[in-house]
Amino acid sequence: VRDLDITPKMARVLKVFLEDPSHSRYGFELMKLTGMASGSLYPMLAKLEGAGWLTRGRENIDPRVAGRPPRMHYMITGAAVSAARIQLSALSEQYRPPVPIHLRPQAGTS
Amino acid sequence: MGYLWTVVSFLGGLAVTAAGDMVSEEVRDRLDHLPQAILRLAARRLDLKQRVAVYEDEWLPELTYILKGDEARPVTRLYHGTRFALGILMSAHRTASYLRQADSLDEDIVTAKMLLAAQERRLLEVAAARGDARLLQRYRRDLADSQLVLEVLVERKRFVDRRLS
């Protein structure tokens, strides 16, 4: 997989895939799970697929029976699972608030 | 006279109700097609090749699912369908531009890697044969140039990726 700069929005998408890496997800399903709009999600899916982080597959249905064309689903690649875990940990560390320093009064001053 | 007014009012009421039903049916039918019309507009922003891979294979089946899904009630499907299609419309230019640039850059990166590999082989052959020192130096310079080109292309690809996110 190619290196990617993970943004907070992208992290939300990757987190869904990491919850169950063997489970494929549809675009509309990802929109509902991440709360993202289609305008942000679909370009991101194209980018993740282009970088080899996701693979795209066609839904296995008979269009005549279902009365609609097959949808596309996405699955995270094996190599991307470990890369995504590392990148998400790094991002989480980056956004972690600093530990507050509690000042103690000096002895004998009160 | 009173009787006539009652009949006229009754008929008038029927006509208004029928007209109202026809208008609401017409509006419902037209509104049902609104998300698809917006999506078709978005597809116009894609290249012909992208239209098959993105519009036909991806966007349209997803919209059809939203409009025909189990939870599709008239107002819900209009809301979800229009929201989906509008989002796609807003980002269609960005998607098209990314796919175009990414495709072209990917091809250039593959070509640059092939050139680099060929130059490395040539350099190793000349070095193994203890060839002309000036020739060896020129080949080293060519190799360094190609490495620089590859680095620039990879960096450019990163920039394109970053702009999309």
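So you know, we letter chains A, B, ... as the sequences are listed, proteins then strands, and number each from 1. Scope of the values below: all heavy atoms of this structure, side chains included, with no hydrogens, waters or symmetry mates.
With a threshold of 4.5 angstrom between heavy atoms, Leu99(B) approaches chain A through side-chain atoms but not through N, CA, C or O.
Taking the ring centroids of Phe28(A) and His80(B), they lie under the 6.0 Å cut-off.
Each of Leu150(B) and Leu115(B) belongs to its own hydrophobic cluster when Ile, Leu, Val, Met, Phe, Trp and Tyr are linked at side-chain heavy-atom distances under 4.5 angstrom. Both Tyr98(B) and Leu153(B) are members of a single hydrophobic cluster when ILVMFWY side chains are connected at heavy-atom separations under 4.5 Å. In the hydrophobic clustering of this structure, Phe84(B) does not group with Tyr26(A); members are Ile, Leu, Val, Met, Phe, Trp, Tyr whose side-chain heavy atoms approach within less than 4.5 Å, directly or through other members.
Nearest heavy-atom pair, Asp142(B) versus Arg122(B), reported as atom, atom and distance to 0.1 Å: OD2-NH2, 3.2 Å. In plain terms, the two heavy atoms of Arg58(A) and Asp57(B) that are nearest each other are NH2-OD2, 3.5 Å.
Using modelled atom types, no side-chain atom of Thr77(A) and backbone atom of Leu54(A) make a donor-acceptor pair closer than 3.5 Å.
Taking the ring pair (Phe, Tyr, Trp, His ring centres under 6.0 Å) definition, one finds that Tyr79(B) meets it with nothing, sequence neighbours left out.
Counting only residues at least two apart or on different chains, the salt bridge (charged side-chain N to carboxylate O under 4.0 Å, His left out) pairs with a member in residues 87-98 of chain A are Glu93(A)-Arg96(A).
Contacts from residues 59-75 of chain A to chain B, taken as heavy-atom pairs separated by less than 4.5 Å, involve Gly67(A), Arg68(A), Pro69(A), Pro70(A), Arg71(A), Met72(A), Tyr74(A) in sequence order. Residues of residues 38-47 of chain B lying under 4.5 angstrom from chain A, judged on non-hydrogen atoms, do not exist here.
At a threshold of 4.5 Å between non-hydrogen side-chain atoms, the residues Tyr139(B) and Gln119(B) do not count as touching.
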